[in-house]
Amino acid sequence: MSVECRDAIVDEPVGSAISSALLAHYDVHARDLPWRISPAARRAGAGLDPYRVWLSEVMLQQTTVAAVTGYFQRFTDRWPTVEALAAAPEEDVLAAWAGLGYYARARNLIACARAVAGAHGGQFPQTEAGLLALPGVGDYTAAAIAAIAFDEPAAVVDANVERVVARLFAIATPLPAARPEIRTCTARITPRERPGDFAQAMMDLGATICTVRNPSCLICPLASHCAARAAGMAEALPIKPPRKAKPQRTGTAWWIELDGQVLLVQRPGKGMLGGMRALPDDGWSARADGHAEPPVTGQWQVIEAAVGHVFTHFSLELALALYRGPQIDKVAIENLNGIWWPVEQIAEAGLPTLFAKAATVAIQHR
DNA sequence: AAATCGGGGAG
DNA sequence: CTCCCAGATTT
């Protein structure tokens, strides 16, 4: 039932009819988002700031609009330009990113800002190829910035567009094998005029109408063009591979508090929660449980299953052990290479959510 | 091609 | 509870 996306099928008039219908709908129903500008300002000729487009796109990678909005506001208030972000201490940026997840994005964000502010003289590259060379900028983000900030007719394909296009052309090939065909079809319907609005309109459509479950085909501006709709198979597409089961791991975090300060560590720069401040722990990972051996001798109050947390590829049940004295082994503490942080200011430590939850439990048991 | 890497919101 | 989100990078 798959409709091949060839020139003969998706010819110029058909592609134009789709983009025209979508843009007309977008002009009325576009979501009002912090990284967008008003239609009135747009008509007056205002352009989008590439810095804000880039920042929003990186934050939105695998992350919902609702989760990003507050972070975007705080980042742009605190660092209004790419030069300001480039000049910020790395620990400040990582702490500001805490809770948003996928922390490699934050590390790449800093590297990218410094590359743009330095080697590129403060200007983002304006071509897809140039953007693609930046840290943390892949196929999707390069195309999105090129289209939205620089008016280039790039094929912007995110998970929303994958779904919309797979349905429009009834592409029944399972993902990820269907991606080349989806990309070709997306390029075929991307207009030379307003490519940035088109990309955002496609994503709005996927987020609000052409949803994963229960798509609202009755109000869809593209319903008359949709092959999956005609075949009664819209909700079944795209076909996704089965997902693997998550292993269940256990670990222990250590709460060592002296004189109102708790010992934190900075995690290694790569891997899980890389570069982030954290409670010291027993080495749990996606591959293995933690060893549960306390880092210093003494009396510990253990709170079993203090925190349950689900990561992308495993679940973790984290025990929390609170140090209860009587004395502290100064040498062993030094070996932890930690930093003492005022407990009253723990919210400003920039702990990832797992450890923020653990800290909350610890404070309740103080 | 498959695995790694967070967190939260929707249903 | 399950599913998935404006993906990139490494293996």
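Atoms considered below: every heavy atom in the structure, side chains included; atoms not considered: hydrogens, waters and symmetry mates. Order of the sequence lines sets the chain letters (A, B, ...), proteins ahead of strands, with each chain counted from 1.
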Between C:dA8 atom C1' and A:Met59 atom CE, what is the distance in whole Å?
16 Å
Do any side-chain nitrogens or oxygens of A:Tyr103 fall under 4.0 Å of OP1 or OP2 in B:dG7?
yes
Side chain of A:Asn108 (C-beta onward), nearest among B:dG6, C:dT9, C:dA6:
C:dT9
Using 30° and 60° as the class boundaries, would you call the ring planes of A:Tyr51 and A:Trp54 parallel, tilted or perpendicular?
tilted
C:dA6, B:dG11, C:dA8: which one has an atom nearest the side-chain heavy atoms of A:Asp139?
C:dA8
Base, sugar-phosphate, or nothing for A:Val137, non-hydrogen atoms under 4.0 angstrom?
sugar-phosphate
Which part of the nucleic acid, if any, lies within contact of A:Ala159, taking any heavy atom under 4.0 Å across all strands shown: a base, the sugar-phosphate backbone alone, or nothing?
sugar-phosphate
Specify the closest pair of heavy atoms between A:Asn160 and A:Met202, including all atoms of both residues, with the distance to one decimal.
CB-O, 4.3 Å
Considering every strand and a 4.0 Å limit on heavy-atom distances, what is the contact class for A:Thr141: base, sugar-phosphate, or nothing?
sugar-phosphate
Nearest-angstrom distance from the residue atom CG of A:Leu316 to P of B:dC5
13 Å
Applying a 4.0 Å non-hydrogen cut-off, can you work out what A:Leu109 is touching in the nucleic acid: base, sugar-phosphate, or nothing?
nothing
When you check the phosphate oxygens OP1 and OP2 of B:dG6, does a side-chain N or O of A:His309 lie under 4.0 Å from one of them?
no
So what does A:Gly274 touch, heavy atoms closer than 4.0 Å: a base, only the sugar-phosphate, or nothing?
nothing
Hey, is the side chain of A:His313 poking within less than 4.0 Å of OP1 or OP2 on B:dC5, counting only N and O atoms?
yes
May I ask you to say what A:Arg163 touches in the nucleic acid, namely base, sugar-phosphate or nothing, with a heavy-atom cut-off under 4.0 Å?
sugar-phosphate
Looking across every strand, which nucleic acid part, if any, lies under 4.0 Å from A:Leu100 by heavy atom: base, sugar-phosphate, or nothing?
base
How about A:Gln123: does its CD atom have over 12 heavy atoms from other parts shown lying under 6.0 Å from it?
no
Heavy-atom distance under 4.5 Å between the side chains of A:Ile333 and A:Leu336, does that happen here?
yes
Could you give the CG-to-P distance, from A:Leu175 to B:dA2, as a whole number of Å?
13 Å
Would A:Leu109 and A:Phe75 satisfy side-chain contact (heavy atoms from CB on, under 4.5 Å), going step by step from the backbone distance to the final call?
CA-CA 12 Å; A:Leu109 190 81; A:Phe75 266 69; 4.0 Å; yes
Mind checking A:Gly206 for me? I need base, sugar-phosphate or nothing, with any heavy atom below 4.0 Å counting as a touch.
nothing
Taking OP1 and OP2 of B:dG6, is either one under 4.0 Å from a side-chain nitrogen or oxygen of A:Arg105?
no
Any N/O donor-acceptor pair, A:Thr353 side-chain to B:dG8 base, under 3.5 Å:
no
When we call it a touch if two heavy atoms are under 4.0 Å apart, what does A:Arg287 touch: a base, just sugar-phosphate, or nothing?
sugar-phosphate
How long is the line joining CZ of A:Phe314 and P of B:dG6, in whole Å?
9 Å
Check for me whether the distance between the ring centres of A:Phe311 and A:His309 falls short of 6.0 Å.
yes
Residue closer to the 5' end of DNA chain C, A:Lys270 versus A:Asp158 (nearest nucleotide)
A:Asp158
Return the nearest nucleotide to the side chain of A:Trp35; candidates are B:dG11, C:dA6, C:dG7.
C:dA6
I want to verify a distance call: between B:dG7, B:dC5, B:dG6, whose nearest atom is closest to the A:Leu354 side chain?
B:dG7
With a 4.0 Å limit, can you tell me whether A:Lys357 has a side-chain N or O closer than that to the phosphate oxygens OP1/OP2 of B:dG8?
no
Between A:Trp284 and A:Arg267, is there a cation-pi geometry (under 6.0 Å to ring centre, at most 45° from the normal)?
yes
For A:Tyr140, report the nucleic acid contact type (base, sugar-phosphate, nothing); a contact means any heavy atom under 4.0 Å.
base
Could you check whether any side-chain heavy atom of A:Trp340 comes within less than 4.5 Å of a side-chain heavy atom of A:Asp259, counting everything from C-beta outward?
no
Could you give the CE-to-C1' distance, from A:Met203 to C:dG7, as a whole number of Å?
13 Å
Comparing nearest nucleotides in DNA chain B, the 5'-proximal residue of the pair A:Tyr102, A:Arg213 is A:Tyr102
Over how many whole Å does the gap from A:Arg107 atom CZ to B:dT4 atom C1' extend?
12 Å
What interatomic distance, in whole Å, is found between P of B:dG8 and the corresponding atom of C:dA8?
22 Å
A:Gln61 side-chain N/O to C:dG7 phosphate OP1/OP2 under 4.0 Å
no
By the 4.0 Å heavy-atom rule, please label A:Met272 as base, sugar-phosphate, or nothing.
sugar-phosphate
Which part of the nucleic acid does A:Thr64 contact within heavy-atom distance under 4.0 Å: base, sugar-phosphate only, or nothing?
base
Classify A:Trp54 by what it touches in the nucleic acid, base, sugar-phosphate, or nothing, heavy-atom distance under 4.0 Å.
nothing
What interatomic distance, in whole Å, is found between P of B:dG11 and the corresponding atom of C:dA6?
13 Å
Hey, does A:Pro135 reach any base, or is it just sugar-phosphate, or nothing, if we go heavy atoms under 4.0 Å?
sugar-phosphate
When rounded to whole Å, the CZ to C1' distance for the pair A:Phe311 and B:dT4 reads 13 Å
A:Trp284 CH2 to B:dT4 C1', straight-line distance once rounded to whole Å
13 Å
